[in-house]
Amino acid sequence: MLALIPVRKGALPAGAQECVDEAGGRAWVIGEETSLASDQLTAEYIWTAEVGPFSPARWASALTRAVHQEDVIILPASPDGRDLAPRLAHVLGRPLLARAILIRPDRVITLSMGTKLMYEVSPSAPFVATLEPGSRGTDPRARAGKPALVHELTLDLGDEPDPKVSEVLPPDPASMDLSEAQRILAAGAGLGSAEACELLGRVAVALGASVGATRVVTDAGWLPHYRQIGTTGVSVHPSIYIALGISGAVQHIGGIGEPAHIVAVNVDPSCPMMAMADLAIVSDAPSLLRALATRLGVEIHE
Amino acid sequence: MEPAPVMVAVALKNISQDTRIDALTGEVERDEPSSALSRADQAALEWALRLAGIWSGGLAALTAGRRPSERVLRTALAAGASRALRVDLAPERPSEAVARALAAGIERLGAQVVICGDMSPDRGSGSVPAYLAAHLSAAQGLGLLDIKPDSSGRAKLQAWRRLDGGRRELLTLHPPCVLSVEGSSAVLRRSSLPAVLATSSGALPIEVMTPAEPTPGPAELMAVGAKTMPFRPRTHLIAPPDPSLDPLQRVIALTGATSDHAPAKTVVADPQVGADSLLDALRSWGELQE
Amino acid sequence: MTTNGRLPLLFSPLELGPVTVRNRIVFAAHLTNYATNGLPSAQHAAYYQARAAGGAGLIITEEHSVHPTDWPYEKLIHGFRPEVVEGYRRITDAVHGHNTPIFAQINHNGGQASGMYSRLPVWAPSPVADPLFREVPKELEEREIKEIVEGYALVASHCMEGGFDGIELQCSHSSIVRGFLSPATNLRTDRYGGSLANRARLLLEITAAVRKRIGFRLALGVRLCGDELIEGGTTIDDAVEVAKMVQEQGLVDYVNTSIGVATASLFMIEASMHIPPGYSLFIPSAIRNAIDLPVVGVGRFKDPVQAERALQHGYCDLVGAVRAQIADPDFASKARVGLVDDIRLCLSCNQECVGRMGLNRWLGCIENPRAGKEELPAYPKEISPKNIVVVGAGPAGMQAAITSAERGHSVVILERDDRPGGQIRLAASVPSRAELGDLIRNQIAACARSGVEIRCGVNAGVEEVMDLRPDAVIIATGSLPNLPPWAPPYQLGGSKEETAPEFGSNSPRAGLDGNGPIGPLCADVCHVLDGTAVPTGRVLVIDELGFHQATSVAELLADRGCAVEIATPAMVVGQDLGITLDMESWNIRAAAKGITQSTDLVAIGFDATTVHLLHHPTGTIYRREVDWVVLAVPPIPEETLYYSLRQRSPKLELHRVGDCLAPRRAHAAVIDGDRIAARL
Amino acid sequence: MSDIKGPPPLNESQRSLGYVVPNTRSLQSEHDGASCDVAVVGAGPAGSAAALVLARDGWSVCLLERGSYPGSKNMYGGVIYPRVLDGLLPNWREDMPVQRWVTRRATMVMTETQSLTLDYRTSAWGSPPYNGATSFRPELDRWLAGKAVEAGAVLVEATTATGLLRDPSSGAICGVRTDRPDGDLRARIVIACDGVNSFLAKEAGLYKNLDPSNYTLGIKEVLSLPSKTIEDRFGLSPGQGADFEILGCTGGIPGGGFLYTNLDSLAVGVVVRLPELAASARRPEELVTELKAHPGIAPLVRDGELIEYSAHLIPEGGLDMMPELVCDGLLVAGDAAAMCLAAGIWLEGVNFAIGSGAAAGEAASQALASGSSNARALAGYRDRLESNFVLADHRKLRRAPHLVLSKRMQLSYPQLMCNLMEGVFTVENPSPKPGLTKLVLREAKRSGVSLTELLSDAWTAFRTFG
Ligand SMILES: Cc1cc2nc3c(=O)[nH]c(=O)nc-3n(C[C@H](O)[C@H](O)[C@H](O)COP(=O)(O)OP(=O)(O)OC[C@H]3O[C@@H](n4cnc5c(N)ncnc54)[C@H](O)[C@@H]3O)c2cc1C
Ligand SMILES: Cc1cc2nc3c(=O)[nH]c(=O)nc-3n(C[C@H](O)[C@H](O)[C@H](O)COP(=O)(O)OP(=O)(O)OC[C@H]3O[C@@H](n4cnc5c(N)ncnc54)[C@H](O)[C@@H]3O)c2cc1C
Ligand SMILES: Cc1cc2nc3c(=O)[nH]c(=O)nc-3n(C[C@H](O)[C@H](O)[C@H](O)COP(=O)(O)OP(=O)(O)OC[C@H]3O[C@@H](n4cnc5c(N)ncnc54)[C@H](O)[C@@H]3O)c2cc1C
Ligand SMILES: Cc1cc2nc3c(=O)[nH]c(=O)nc-3n(C[C@H](O)[C@H](O)[C@H](O)COP(=O)(O)O)c2cc1C
Ligand code: SF4
Ligand code: SF4
């Protein structure tokens, strides 16, 4: 079993470590800045191939010879893994078992109908599979191990047609998935209005932060529902969390992860959010937001 | 010089929306009458209409399936497709076989750009477009968020694709190519009433082709003995407290009773001063980009 | 419009051997003290029926003893007596009326008991005294082991006769089986001791005997402990191995899980709000990873969304939600139809459920005054509704209002503060106590649902009340801090930024006789929590209440960087924290935060810089040099309005509830409110 | 985002294809839009019945439905009396989607703690020709619309009629406007079957007085239960169903309740008058919850799991509220014409909808054949309704809504009747039982009903239902 991990500029795709664990610690890392990516993996053996930007058709045909002896090849069902896997299965003439949540040489379980159904197959021949990120988790006990043995290999690419990557745009805090945001500026009922939430959005851009909210705020329609953080919303894992006018109900706190730093702004010094904060500012949140906007050069529409 | 016209094809799948799953056995019951297009296929049809409008090579809609699937071709015709083709195929075939059938259809149509929805709600592997590209020896641009045709009118386009970690990439593609789009990338236009009426009943000019006797693909050889069952998530392990610690230390590890938390600093301040202290704090934590 | 889209796994059925549960919510086993004379009571039947009606997927009863040597607490059900069957029938009929399966938990507590009630020696694998009962048990001989195994089979047959759908063997936190499994209590050298396989022998003999007796029409489950959290006890690796053995034996249909040992680490079993939700999920996750049988995860499941998450991550296949369903019997059905917000969330306060068990009282709930009283008829609806005015929106006033409104009266609450909650808002504002605030949140929501109007910002006097032309008035004005005679006067009005203000020459703060020495700065707990006093530097907290007041404020101040000592006249600080299982975690946190705890000390006076403490067992007087003294001392009722109204209109129907009647705790306030409203 | 604007649909190539059009008599798609003989708006029971009749007669019919399929947005209690289909679809028994055949019909009168049931059971209704049936609306509506399509009607889904087209010179209605591009649909006759609150009938000016007190709100829960349990509890054989109508269960708000058996679920709900509901400040779902908790109902619905909750307005003023039924170029049928009998204890609407829809179809067909579509040519519609059961029933029950919804009927009588029964059945030996008349008078007095009122209501009831 072998995990095949496509990387971009040293960045691992979602679910990479899970694939390596599922494959028993053997991984091929292919793409750009592969050694940087390998350093972030816990594995036993890693083969790297430095082949430049993502190129599914060319990579697939170049890999044919290199991996055809592996009976099971596992890719993450990340955007790049999903692109590459069928091309590889095609050139190898093997079946593709997509969206698997469990991969053993003789037993594979895949998902269908969203996540409503599982489909269990008992493969009798070599195959390619993609592993749904998050379906396995990583073994928390197996995390600390000795460093992997890394072999660098070279692959010659052919000239199969592939699109040209003109540009990779970095994550935009304003539009990125909240669950991946590093800094969050969150709105609570104490912010008081849709207008204030709109300003919050622009202040967040100036701070390089993503916007979050409590359910009171999303229910009021001041911010869209996918901005809601908490047990019934998104779980986030930021390193810094700034809470404006948030009381700190357990259902909200339950979703904010363990930020290294919390700032709370509230008129009530004794609410739980203030008790949790590293810096608790007893102040009027909408006014403080405007003061912040002024300092950051963000325009305030009256 | 007028660029040569490019024919666009859109591959559509007839899906059943009334699907019930027995939560104990995993049996699937499907109801045919209300089957229709998925959100992603609707977006694909809309993009196909837009591109065909620009490249003026016509738009062909195709589907692989049995007769009831023609329903999706009616929708495409009502929306403005100029040709409709059904490749006769048994239901529930694996992606690779579907792609092979579609590829045969596309070769017959002579389309240079093929658009699909990024994944179907039932099987949902998203691999048909990639297989299709492989069969057609075409470039693939999958899971697209937005498409921008070249302003010169030549059949060249730029497309944005979602990557993980919130990143996106911008691709440049030329025909022949296979694109798949996310459901949120476009909203299918409403067809005009006359067009809907014309396609709502009666015989339509839908071409049908039967692909060469399909050899069973690799997946089909393997699917023998497969079974479905209701979703039972795989176990995620949670790290237990280190058994080598003494019991009190294990309790502490489990309860987080003593997790480090910098002592809180509370300031009572007017908003201006408050804003300053907030920014100062961010600066001191190295969290402010200046 | 089912919620199946949102909580798909929680509301999907599952097979536990021959039994199909309709959802994954289990009302796991727990002692209720409802038994009378060792037999199940009508109270039991009504209690379980209410949870079945509320949609629980599976109910597991409290333990039934399998042998006369097992009687650790008074109100244990003696499953080995044939008379139990009638009571079993009453329970199972009531629950089956709602198509809900019900299992019986059967057990022998082994050495975790005393002979107090049975007047027999207790039986255990080895003569190792239990830390709580401190009684050396009799080491079992093989024939006695057989007798125990036979006892399990006998009780299983009683259960089968009584209509149960399954049997659960409690092998987890207080059980002779646990005693055998654990190297800490099993020192045997025969075939029941030594290797894990030997230690598990009794368990497997019992499963075999029980299965033989019940056949395959009933389900059989085993509850295992994933970490005893005691010196030399079992840990997760043993639990996983035992679970594998159980699965291999092929006689068991599911595995339930638990953590801790009831007589040593009970606070980890019935965890209070200080212990984070999900703390014990590593156990089902490890077991489920190793076996294919359905696994139940238990411990602080508070809301259905959290439960769904645990299922989605595959930590477990079912969730035990005990206190969640004590607090709100309709937990499951509300979740099912999407009324997640209407669920009265359990606070994990342990005050009326666990707390009353330790005191040998029947089980109740701080939030649900009807818990334990399900067999009594519902309060009658009022035919001629009255106008009722309630003053004070603390827990007492709000409960009085809710119950009145539910009975049909029209109710207005007047509240002085700008929001409801009373002292609970303060109580919930300190680290890790936030969940106590759900009491208020739940009450506010119930007020809204039952049509109670809450008018905040009204400082009610006689006029304000009488202007509303009430037919009846309920005073729930709570209590006020009370400065004891020995203490320095309060120093209020400081802001948090400031350090201790300089002693101004014009600040007339006097000692005992009115012009004595100026002492350390002084405040009540309430002043610290509402921000009117901001102690800094060295702080002495006086704990005369023995509950969370002193410990909470001590933690808060320690977090803020103060050097804190708590002194109490009692033998331990926070005397009653033991009852709610908060003692152990408090001690851990206090140690980590450097809080000093001093006991047997009575505060008796002060001078310019010190507080005088009398060590009462010895009569020694100590002087503590401090900047601040913070008082957690008995408050006085705020009863002015009550007496003014009494005087003004003697004929008016007037009641007092909660702290303003007699300052106690929130559960008493809620019960007062409910009781008075039932009579209006 | 991309800056391409959607080009207009490729009408060019499309038109060149020369579609084969059904019922070629006059359905056209030309540059200036579409047209047909009859546009039927709303593919509920009324609309589908009308379309079916017209298509059979060979007219080109467009059946417009705003939902993504017929029935996708519709709700009702759950019982239909499909005998009305005998003439229209003689074979309906073979393929109509039925949950259970009703063999037990009960009327319950209740107070908070008591209940009295008039229970009629007959196994005769369990076999052809049957009487009532329980059925799911999405299935039923889809089935009936399917019949119209088989007959040649064109069903256009996901299309909302947004207004009426009028002939500029005569002012007569000559089609509908829809929410689609090029959405005008010209038609010689429009039949409005767009359900309660008919927007088309109002736009046409057919409703004279719109009084909110003529509307009730229906609230329904569907509770799932195994079919075996349903049969045991209701004393039914497999395939058979029960239908309960309930009075006195709506917490003092005028209205009534219902309880029906589906195959493996129950429909339970209440129908209450709007103004009183608003004044009571009660949440509608509470009323259903209370009904379910009533000692007379609780054992029947016990452990049913809630799988669906819905609410819908019902017109129920009876004949007095009905609008004008025709004007030049337009007919109104079904709920759109307030032809629903749901005065608390009956919930009949689908049968009237089908009956009136079919009648509208026949009238339209006749008018088309005569070459005219003005109000006079369409007047045959009213006659048909008068002669068939639709208006006859409504005329007969003209006073029913007022009686059933009166305070006496809602509050006093249930109390009276229940107490009466308690008096009759309570054994007070050895003291002698009072005579029945004496009991009636005693109870009437206790319930605050005067003898004159009692007699007058009895008379009205006799005239109404007798
Ligand atoms: C089952 C369940 C699930 C839930 N899931 C979620 C969830 O996922 N996410 C979530 O967020 N909530 C969730 N909730 C709701 C949650 O319980 C709280 O109601 C919510 O988080 C409170 O939001 P808030 O802090 O914005 O509002 P509030 O609690 O109303 O607090 C507003 C705060 O603003 C302060 N304030 C007021 N005016 C000002 C001012 N001018 N300047 C500064 N401060 C001011 C107030 O002092 C107060 O502390 C859930 C609830 C339940 C029951
Ligand atoms: C720090 C702290 C921690 C605590 N921890 C716990 C605990 O963990 N568990 C527990 O059970 N108990 C605890 N208690 C005790 C508990 O809070 C009280 O027993 C309970 O709140 C009493 O409820 P009540 O409704 O009687 O009064 P209160 O909660 O005091 O409410 C009285 C209300 O009346 C209002 N009011 C007073 N006068 C007027 C007027 N004239 N007009 C209008 N409104 C008026 C007040 O503003 C207040 O809102 C704690 C108390 C404190 C201070
Ligand atoms: C709670 C409740 C319980 C009931 N129980 C029963 C019962 O048990 N038995 C019984 O026989 N009757 C019952 N009824 C009454 C019955 O549902 C109606 O009388 C019947 O559905 C009327 O049929 P219809 O075709 O007139 O209207 P509808 O069924 O309302 O159909 C109207 C159709 O028109 C469509 N539409 C509306 N506006 C437009 C537009 N502008 N453009 C295009 N399409 C449009 C709608 O989507 C809908 O499909 C009940 C009603 C309620 C509310
Ligand atoms: C009052 C009380 C008594 C309990 N008694 C038992 C018992 O007799 N047997 C048992 O196996 N677990 C017992 N438990 C433990 C519960 O089954 C459960 O593990 C624990 O309450 C944690 O779940 P919760 O957070 O949902 O309440 C008891 C719990 C409580 C609250
Ligand atoms: S008393 Fe407290 S812990 Fe116990 S059930 Fe009630 S709220 Fe939960
Ligand atoms: S806390 Fe005290 S009362 Fe409660 S069980 Fe432990 S020792 Fe007994």
Side-chain angles (χ1 to χ4, degrees), chain A residues 13-14 56 78-79 82-83 86-87 90 93-96 98-99 101-102 112-113 115-125 135-137 139-141 161-171 176-177 180 183 208 240 261 263 269 277-284 287-288 291-292 295, chain B residues 19 21 26 28 121-127 130-131 134 137-143 161-173 218-219 222-223 225-232 234 236-239 262 264-272 274-275 277-279 281 285 287 289:
Chain A
S78 65
R82 281 199 310 260
D83 268 23
R87 304 293 303 232
H90 180 73
R94 292 186 185 183
L96 169 67
R99 298 193 63 205
I101 59 168
L102 179 135
S112 75
M113 308 292 301
T115 56
K116 293 199 195 86
L117 271 188
M118 302 193 313
Y119 196 61
E120 182 175 336
V121 266
S122 315
S124 49
S135 62
R136 182 196 203 270
D139 186 344
R141 291 220 245 184
D162 266 321
K164 194 169 127 273
V165 180
S166 322
E167 197 184 348
V168 173
L169 306 154
M176 75 188 288
D177 212 13
E180 297 180 22
R183 291 186 199 136
I240 173 148
H261 301 289
V263 182
D278 302 311
L279 174 63
I281 305 175
V282 183
S283 192
D284 178 58
S287 318
L288 185 134
L292 266 183
R295 278 160 185 68
Chain B
T19 306
I21 296 170
V28 184
D122 46 0
R123 189 180 296 125
S125 73
S127 60
Y131 273 121
S137 297
Q140 67 189 36
L142 307 187
R161 170 165 177 258
R162 193 197 297 279
L163 300 178
D164 37 15
R167 296 164 305 154
R168 293 167 180 216
E169 67 174 345
L170 178 59
L171 301 175
T172 308
L173 288 136
M222 179 174 280
K227 63 172 188 201
T228 60
M229 56 206 142
F231 179 50
R232 182 185 193 238
R234 186 171 180 186
H236 285 53
L237 275 172
I238 301 177
K265 186 175 159 215
T266 303
V267 293
V268 183
D270 83 69
Q272 301 297 333
S277 51
L278 199 163
L279 291 177
W285 298 326
E287 291 280 1
Q289 326 160 310

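In what follows, chains are A, B, ... by sequence order, proteins preceding strands, each numbered from 1.
- Checked by atom type and distance alone, the side chain of B:D164 never pairs as donor or acceptor with a backbone atom of A:S78 at under 3.5 Å.
- Ranked by heavy-atom pairs shorter than 4.5 Å toward chain A, the options B:H236, B:R167, B:E169 are led by B:H236.
- The residue among A:P163, A:P170, A:G137 with the most heavy atom pairs within less than 4.5 Å of chain B is A:P163.
- When heavy atoms are compared at a cutoff of 4.5 Å, B:R232 approaches chain A by way of both its backbone and its side chain.
- Atom CZ of residue B:R234 and atom CG of residue A:L102 lie 4.5 Å apart, to the nearest 0.5 angstrom.
- Side chains of A:R295 and B:L279 form a contact here, defined as non-hydrogen atoms less than 4.5 Å apart.
- The line from CD1 of A:I281 to OG of B:S277 is 4.0 Å long, rounded to the nearest 0.5 Å.
- The two residues B:A275 and A:L288 come nearest to each other via the heavy atoms N-CD1, 3.6 Å.
- One distance of note links NZ of B:K227 with OH of A:Y119; it measures 12.5 Å at 0.5 Å rounding.
- Heavy-atom pairs under 4.5 Å with chain B were tallied for A:A98, A:G93, A:P56, A:S135; the largest tally goes to A:S135.
- Put simply, the side chain of B:L171 reaches to within 4.5 Å of the side chain of A:V165, judged on heavy atoms.
- In terms of modelled atom types and a separation under 3.5 Å, the side chain of A:R82 and the main chain of B:G143 share no donor-acceptor contact.
- Of the atoms belonging to A:S287, heavy atoms from both backbone and side chain fall under 4.5 Å from chain B.
- Both the backbone and the side chain of A:R136 come within contact range of chain B, judged by heavy atoms closer than 4.5 Å.
- Residue B:L170 holds its CG atom at 5.5 Å from CD of A:E167, rounded to the nearest 0.5 Å.
- Contacts of A:D83 with chain B are made by both backbone and side-chain atoms, with heavy-atom separations under 4.5 Å.
- A:H261 and B:W285 have parallel rings, their planes meeting at less than 30° on a 0 to 90° scale where 60° marks the start of perpendicular.
- B:A138 and A:R87 make their closest contact through O-NH1, 3.5 Å (heavy atoms, listed as atom of the first residue, atom of the second, distance).
- Note that CD of B:Q140 and CG of A:D162 are 7.0 Å apart. Values are rounded to the nearest 0.5 Å.
- Heavy-atom pairs under 4.5 Å with chain A peak, among B:G126, B:G274, B:A281, at B:G274.
- In plain terms, the two heavy atoms of B:P230 and A:M118 that are nearest each other are O-CE, 3.6 Å.
- Listed here is the closest heavy atom pair of B:D270 and A:S283: C-OG, 3.7 Å.
- A:K116 is not listed as a side-chain neighbour of B:F231, based on a closest heavy-atom distance of 4.5 Å or more.
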